[in-house]
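This is a predicted model, so every value here is computed, not measured. Lettering of chains follows the sequences in order, A, B, ..., and the numbering in each one begins at 1.
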Amino acid sequence: MIGPGAALGLAAAALVAVVAYAAIVRSTGRTSARELAWTLIPALLLAILFFWTALSR
Amino acid sequence: MTSFARIAAVSAVGIYLLIVMGAVVRVSGSGLGCPDWPLCHGQLLPPPDFHAIVEYVHRTIAALVGVPLLLLLAAAWRGQRADRLVFRSVNLMMLLLVPQVLLGREVVLRELPPMLVAVHLALALLIMALAVIVAITAVMRGRHESPTADSFPAGLGWTTVGVFVLLLTGAYMRASGASWVCQEQIACFGGRLLDVHMLHRITATLVGAAVLYQAVTLGPRFGFWAYASGVAAAVQFSIGVLQVLVAPLQLFQVLHVAGGAATWVSIVALATTVYHCTTRTPSRIGAYVALTKPRIIVLLLITAFAGMLLAADGAPPLDVVLLTLVGGALSAGGANAINQYIDRDIDGMMGRTTLRPIPAGVIPPQRALLFGITLTIASLLVFGLFVNPLAAALAFGAMLYYVFVYTRWLKRSTPSNIVIGGAAGALPPVIGWAAVRGELGVLPLWLFAIVFYWTPPHFWALSLLIKREYERARVPMLPIVKGDAETRRQIVWYSFLMVAVTAVLVPFGLMGGIYLVAALLLGGLFVHYALRLRREATPIAARRLFRYSLYYLTLLFAAMVVDRRIPL
């Protein structure tokens, strides 16, 4: 079973991935800032869930 | 009369006898004559005890009634599928039979909780009404009668609803212990019990008058069932008055239930007869049902039910389950009706939605809005008064989100509409959990996440199929804005993400081995269909994924429930 530390680590990694993804997509200039924001919400949701689950253990 | 009509008639008579026998059980105090279920004192046959025999006869009739009902189901699937009213009524009857049998068991095992007894009666009345509808329809289809009325009289519809409400007030009065609080007087007011009692009397007076009015006005044209309903209502009212003025004799009590059920049978039979003699204008009742999008509601309720089962770690309290399902259906139905009000301009442009009640002109827009708001308020009352404030707040929040964030804002402004808007549809398992526990936890949030990530591939598969319609209505769905290829690519990514989210529950200790195997198998098949869609790029592949996605969610939640019961 994943412990709190590992879960927090996963969440942090997810956040880094989200930011990196945003930077790459934005750099191509294909997506508006608004659309990018919408795209990021599901990823952020996942990161928050990881944090929450880690903190609740 | 065809054999199908005969089986339906036998079913209706059997259910009627069952209801009357149920009254005998209750009035004679034999409800716990057999304290166990389905055996009686641990044996197949009851001991030589009056109460045990009475209860045993009730159960025997229940078991016997099952025979014509099963025959009816088989006959409907074999030869009545084209008759939508008959086919749907029979299937609904069998669906209602499942909770009804479970309720019967709960009533005995939990030693006759009054509200459960009342709900048990209400379900029996609904099942009997469906049997009557099927029987009358089967008889009338054989006669091929020409229409004799221009439109279905609204007054008759309301009177039928009124009779059902009246029977519910009677059952509730009985359950509350308010039956004999106002003897030998015309009216009593004051405490809660008196109010409950007077509610039944006032309803009886109003509904009784309405039934008599229908009998007098419709009798000359429709004959037997019109007069039967009038006579049954008059006799029933007289028995009620006799109970108050003379004495609450056991015989009167049984006759009162028998009279109530007879009035119900007659008015349903009359309404069905009139319905079949009416020229086919679009059904108003059917239109209001369509306004709630019942198919979507079923899937939402399945996930809410799974949330309840997981929260209870076993069987949740039956009253909470029923009230949550009713409240959930009202909330989702209200949100869907308001959604159709807002989308009335674009619904008329799309082939899939052009026959919806508002664009088809069956229901005026303002009426639809009022209907949606009414359902929403009713849902709030059910959740707030009978479940708990958290479930009420979540259901109301889901409704507001669906109407204002998704329908009003996102749907027409971004291709991410169904990704972000999908949050509303992901809330039912959380609501189900909150209804049982009264609080939230980590697991319901993961259930939310699973439905949230399931929504995009599910919806985009559909939008690939009806892309042209969305285009005509200028709804910026992903295939229109980014193209089919990009949509298929995103479907694959979201499918992988969804499967990953479902699997994460295991290392977090929220689910066990059985669930993991099911999640990987079901998820693997999901990804397989998504990849195949990307490769083949055909409408058939899109349809296959869309259909599978519906089964997927139901099976995944079932696996969770099984896993929690049998942890490995």
Side-chain angles (χ1 to χ4, degrees), chain A, chain B residues 401 405-406 409-411 413-423 426-427 430 439-457 476 478 481-483 486 489-490 493-513 516 567:
Chain A
M1 192 187 297
I2 286 182
L8 277 172
L10 272 173
L15 268 182
V16 171
V18 165
V19 173
Y21 171 77
I24 293 165
V25 173
R26 194 78 182 111
S27 69
T28 62
R30 280 187 2 216
T31 307
S32 68
R34 188 160 159 256
E35 279 309 322
L36 188 64
W38 287 129
T39 315
L40 292 183
I41 285 178
L44 283 170
L45 173 80
L46 205 56
I48 291 167
L49 255 179
F50 270 110
F51 268 119
W52 189 317
T53 311
L55 292 175
S56 69
R57 319 233 108 218
Chain B
Y401 189 91
V405 178
Y406 172 68
W409 177 25
L410 299 175
K411 185 172 179 180
S413 63
T414 167
S416 296
N417 47 15
I418 53 102
V419 182
I420 313 301
L427 273 171
V430 186
E439 60 180 19
L440 291 180
V442 173
L443 182 56
L445 295 177
W446 281 102
L447 300 181
F448 171 88
I450 289 171
V451 184
F452 185 82
Y453 289 106
W454 164 88
T455 306
L478 192 64
V481 179
K482 302 277 185 183
E486 175 64 17
R489 197 178 70 87
Q490 295 221 19
W493 280 115
Y494 266 95
S495 301
F496 273 115
L497 187 58
M498 179 197 72
V499 177
V501 170
T502 61
V504 142
L505 270 63
V506 179
F508 274 139
L510 297 168
M511 287 288 154
L516 181 63

message = Taking the side chain as everything from C-beta on, heavy atoms only, tell me whether B/L497 gets closer than 4.5 Å to A/L46.
response = yes
query = Who pairs with A/F51 by ring-ring contact (aromatic ring centres under 6.0 Å, His included), at least two apart in sequence or on another chain?
reply = none
ask   = Is any residue of residues 413-422 of chain B within less than 4.5 Å of chain A by heavy atoms, and which ones?
value = B/S413, B/T414, B/P415, B/S416, B/V419, B/I420
inquiry  = If you compare all heavy atoms of A/A43 against all heavy atoms of B/Y453, which two are closest, and at what distance to 0.1 Å?
reply    = N-OH, 4.3 Å
note = CG (B/L445) and CD1 (A/I48) are apart, to the nearest 0.5 Å, by 10.5 Å
message = A side-chain contact here means heavy atoms from C-beta on lying under 4.5 Å apart; do A/F50 and B/F508 qualify?
response = yes
remark   = Counting heavy-atom pairs under 4.5 angstrom with chain B, the leader among A/I41, A/L49, A/L45 is A/L49
query = What pairs meet the side-chain hydrogen bond (donor to acceptor under 3.5 Å, both in side chains) rule with one or both residues in residues 8-20 of chain A, with sequence neighbours excluded?
reply = none
request  = Check ring-ring contact (aromatic ring centres under 6.0 Å, His included) between B/F496 and all other residues, then give those that pass, not counting sequence neighbours.
outcome  = none
remark   = So, the part of B/L443 with a heavy atom under 4.5 Å from chain A: the answer is neither
